[in-house]
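Beneath this line is the structure, given in structure tokens, with notes to follow.
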Amino acid sequence: MSTLDQADVDVMKATKTCVAATRFQYDYLNDDITDDGKIDYSLTNKVPQALRQAIAEGKKILVLINPPYAAATNRGNTANVGNAEYKSGVAKTKLAATAMIDYGKASNELFTQFLARIAQEIPKATIATFSTLKYVTAPNFEKFRQNWKAEYLGGFVVHNKAFDGLTGKFPIGFLIWKTDQKAVNKIFTTEIVTEVIDKDAKAIGEKSFFNIPKNQFLSEWITRPKPNNVEAIPLKNAVSPATVTKDLRGKKWADGAIGGIDCAGNDLQHAEQHTVIFSSGYGSAGGFLITDKILWQVAIIFAVRRLIIPTWLNDCDQYLQPTEPLSDKFKNDCLIWMLFNRQNRSASANDLEWDNRKWSIVGLF
DNA sequence: GGCGCATACGTGAGAAACTC
DNA sequence: GAGTTTCTCACGTATGCGCC
């Protein structure tokens, strides 16, 4: 039994918790990792000899973990929106920096860093882990899923509010995997079925989570127009210019553009808050410009992203591209619905001030 | 350098539901 | 019936980091 903070080990010993276990402090993402991403126990000599021997002998090992979850962009939980601190450096652990070349953007997330180390250190381990579901569903984790060889044995998801001190509403999974990192062909499963437990710990049914290639995702349905050299005013609301000072987007127009859209993310979590039409570029990440050629597709994307009610359980479900021809009636319905939706923030205005200049925008919707 | 994904998942007001 | 808690709705930021 290991934990990052020595204080936790001290408390366990003082309170006689898990007396039979060997309890030790260990930094799983930084300790005993060589500069080329290999495991070398002699670097710290913290891992108990018996465990090293069991690993070396290839004994059956069950890894039970509740790793920290943190992606590179989480705000600190106690900070206010807008003044929050961001968790920089998440991808700078020794493990992420040296041993996760094959895992793509999963190196941005702490809990997948743990899984990556286990895959190298104990390649045939059975792993039972708490975590969010994005490593099963999200596009950023496609490369992780291609390289992490695991068979799903079972598990449940529970409302995050069942854990103390968390905000938001999303599922946390406890999933059990039989890994075999040395297998030649075995790849990540395409569907997992979980039991669903609500925040009062009541079983309320089942839910499937799907691993689908991201080229089938709605976010890749249209070719996003390339910006041209015409300057545009970046917006954050109908007539409010963006105020960010770093990584400002939406400063260029595109050939044939009639507006912009904030369309960040491909899941329900983002769709609710990041589906907005503007009369210029969107000043943050996740936007693109709307041209007359793609308007019909934008209307469909807009409608489906806003029509499905977000819940705690469908939080990380992904939107998919249509697989059958769409009727003109459906296309027109989506367009009308978009035009009258409150998230259509297109507008006409003169004398907007940004970058020490005056700007005009024209609402074409 | 630009783009795209992602956030142990933002806030406040008012309504509705619950408790005593 | 009054006080308290939970739910619903309508608004919201901007940045770290991998990849092209």
Side-chain angles (χ1 to χ4, degrees), chain A residues 66-93 96-97 100-113 129-135 137-144 158-173 199-200 214 217 219-220 223-227 234-238 240 242-252 262-276 281-289 306 309-312 315-316 318-319 341-343 345:
Chain A
N66 182 18
Y69 325 150
T73 53
N74 296 347
R75 292 188 205 87
N77 295 326
T78 55
N80 294 323
V81 175
N83 300 311
E85 300 207 353
Y86 291 79
K87 292 181 183 172
S88 61
V90 160
K92 304 296 183 200
T93 64
M100 288 193 73
I101 293 159
D102 294 333
Y103 290 99
K105 293 185 179 181
S107 57
N108 280 1
E109 171 56 68
L110 287 184
F111 78 78
T112 39
Q113 292 181 25
T129 178
F130 285 99
S131 71
T132 60
L133 276 298
K134 64 182 183 182
Y135 71 126
T137 61
N140 258 7
F141 291 76
E142 183 167 70
K143 203 166 175 186
F144 172 85
V158 60
H159 197 298
N160 70 296
K161 287 276 175 65
F163 289 76
D164 192 34
L166 301 189
T167 58
K169 53 177 176 62
F170 55 92
I172 289 177
K199 61 187 170 190
D200 301 316
K214 68 178 180 183
F217 285 160
S219 53
E220 301 204 4
T223 305
R224 302 182 177 198
K226 290 284 173 219
L235 298 175
K236 65 177 181 181
N237 208 330
S240 307
T243 50
V244 296
T245 53
K246 189 177 174 185
D247 196 14
L248 176 63
R249 321 275 180 106
K251 293 184 287 186
K252 297 290 182 187
D262 168 12
C263 190
N266 190 54
D267 53 15
L268 274 290
Q269 173 191 345
H270 298 91
E272 179 190 23
Q273 298 177 0
H274 286 283
T275 307
V276 187
Y282 173 55
S284 187
F288 59 89
L289 291 160
R306 302 233 0 112
I309 306 295
T311 68
W312 73 272
D315 186 76
C316 55
Q318 304 289 323
Y319 287 100
N341 189 274
R342 65 181 174 79
Q343 296 295 80
R345 306 279 171 83

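Every chain is numbered from 1 and lettered A, B, ... according to where its sequence line falls, protein lines coming before strand lines. The structure displayed is predicted, hence computed values, not measured ones.
C/dC11 atom P lies 16 Å from atom NZ of A/K236, rounded to whole Å. Between A/K169 atom NZ and B/dT11 atom P the separation is 14 Å, expressed in whole Å. Atom-to-atom, CG of A/D267 to C1' of B/dC5 comes out at 9 Å; the value is rounded to the nearest Å. When rounded to the nearest whole Å, the span between CD of A/E109 and P of B/dC9 equals 12 Å. Residue A/D262 contributes atom CG, which lies 13 Å from atom P of C/dA14 at whole-angstrom precision. For A/K214 and B/dG4, the NZ to P distance is 12 Å, given to the nearest whole Å. Taking atom CG of A/D247 as the reference point, atom P of B/dG2 lies 9 Å away to the nearest angstrom. The interatomic distance linking A/K143 (NZ) with B/dG4 (C1') rounds to 16 Å, in whole Å.
If you check every strand for non-hydrogen atoms under 4.0 Å, A/G104 touches sugar and phosphate atoms only. Looking at heavy-atom distances under 4.0 Å, A/S219 makes contact with sugar-phosphate atoms alone, never a base. Residue-level contact check: A/L248 touches neither bases nor backbone, having no heavy atom under 4.0 Å from any strand. Nucleic acid contact class of A/P171 (heavy atoms, under 4.0 Å, all strands): none. Contact annotation for A/A264: no contact, since no heavy-atom pair falls under 4.0 Å across all strands.
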For nucleotides 13-18 of chain B, give me one character per nucleotide, 5' to 3': B if any protein heavy atom sits under 4.0 Å from the base, S if the only such contacts are to the sugar-phosphate, - if neither.
------
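For A/R224 and B/dG4, the shortest distance from a side-chain N or O to OP1 or OP2 is below 4.0 Å. When the side-chain nitrogen and oxygen atoms of A/T243 are compared with OP1 and OP2 of C/dA14, one or more of them lie within a distance under 4.0 Å. Between C/dC19 and A/K105, no contact under 4.0 Å exists linking OP1 or OP2 to a side-chain N or O. Proximity of A/S107 to the phosphate of C/dC17: no side-chain N or O atom is located under 4.0 Å from OP1 or OP2.
Each of A/R249 and A/K134 was matched to the nucleotide of DNA chain B holding its nearest heavy atom; the match closer to the 5' end belongs to A/R249. Ranked by how close their nearest DNA chain C nucleotide is to the 5' end, A/Q343 and A/A242 are led by A/Q343. Sequence order on DNA chain B of the closest nucleotides to A/P139 and A/C316 puts A/P139 first from the 5' end.
Scanning all heavy atoms of the two residues, the minimum distance from A/S219 to A/R224 falls at O-NH2, 3.5 Å. Scanning both residues, A/L248 and A/A242, for their nearest heavy atoms gives CD1-CB, 3.6 Å.
You'll find the side chain of A/P67 reaches within 4.5 Å of the side chain of A/T129, heavy atoms only.
Residue-to-nucleotide contacts include a donor-acceptor pair under 3.5 Å from the side chain of A/D315 to the base of B/dC9.
A/F130 and A/F163 have perpendicular rings, their planes meeting at more than 60° on a 0 to 90° scale where under 30° would count as parallel.
For the C1' atoms, the distance from B/dC5 to B/dC9 is 15 Å, rounded to whole Å.
Checked against salt bridge (charged side-chain N to carboxylate O under 4.0 Å, His left out), A/R249 has the following partners two or more places apart in sequence or in another chain: A/D247. Residues satisfying the side-chain contact (heavy atoms from CB on, under 4.5 Å) criterion with A/K134, sequence neighbours excluded, are A/A71, A/E109, A/F111, A/T132, A/A138, A/F141. A/Q343 meets the side-chain contact (heavy atoms from CB on, under 4.5 Å) test with A/V276, A/F302, A/R306, A/N341, A/R345; sequence neighbours excluded.
In A/K251, the NZ atom is not crowded: 12 or fewer heavy atoms of neighbouring residues, nucleotides or ligands sit closer than 6.0 Å.
With a cut-off of 3.5 Å on both pairing distances, the Watson-Crick and G-U wobble pairs of DNA chain C assemble into stems of 3 or more at B:1-7 with C:14-20, B:10-20 with C:1-11.
Side-chain atoms of A/E142 come within 3.5 Å of backbone N or O of A/K214 as a donor-acceptor pair. The backbone N or O of A/Y319 lies less than 3.5 Å from a partner atom in the side chain of A/N266, making a donor-acceptor pair. Without hydrogens or angle criteria, A/S240 side chain to A/K236 main chain gives no donor-acceptor distance under 3.5 Å.
Distance from the side chain of A/P227 is smallest to B/dC3 among C/dT13, B/dG4, B/dC3.
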Run the numbers on A/F288 and A/C263 for side chain to side chain contact (heavy atoms under 4.5 Å, CB included), then give the verdict.
CA-CA 8 Å; A/F288 59 89; A/C263 190; 3.8 Å; yes
Below 3.5 Å between N/O atoms, which protein atoms pair up with nucleotides 6-9 of chain C? Just atom names and distances, please.
| residue | atom | partner | partner atom | Å |
| --- | --- | --- | --- | --- |
| C/dC7 | OP1 | A/K199 | NZ | 3.4 |
| C/dC7 | OP2 | A/K199 | NZ | 3.1 |

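Annotation: the span from A/Y135 atom OH to A/T112 atom OG1 amounts to 10.0 Å, rounded to 0.5 Å.
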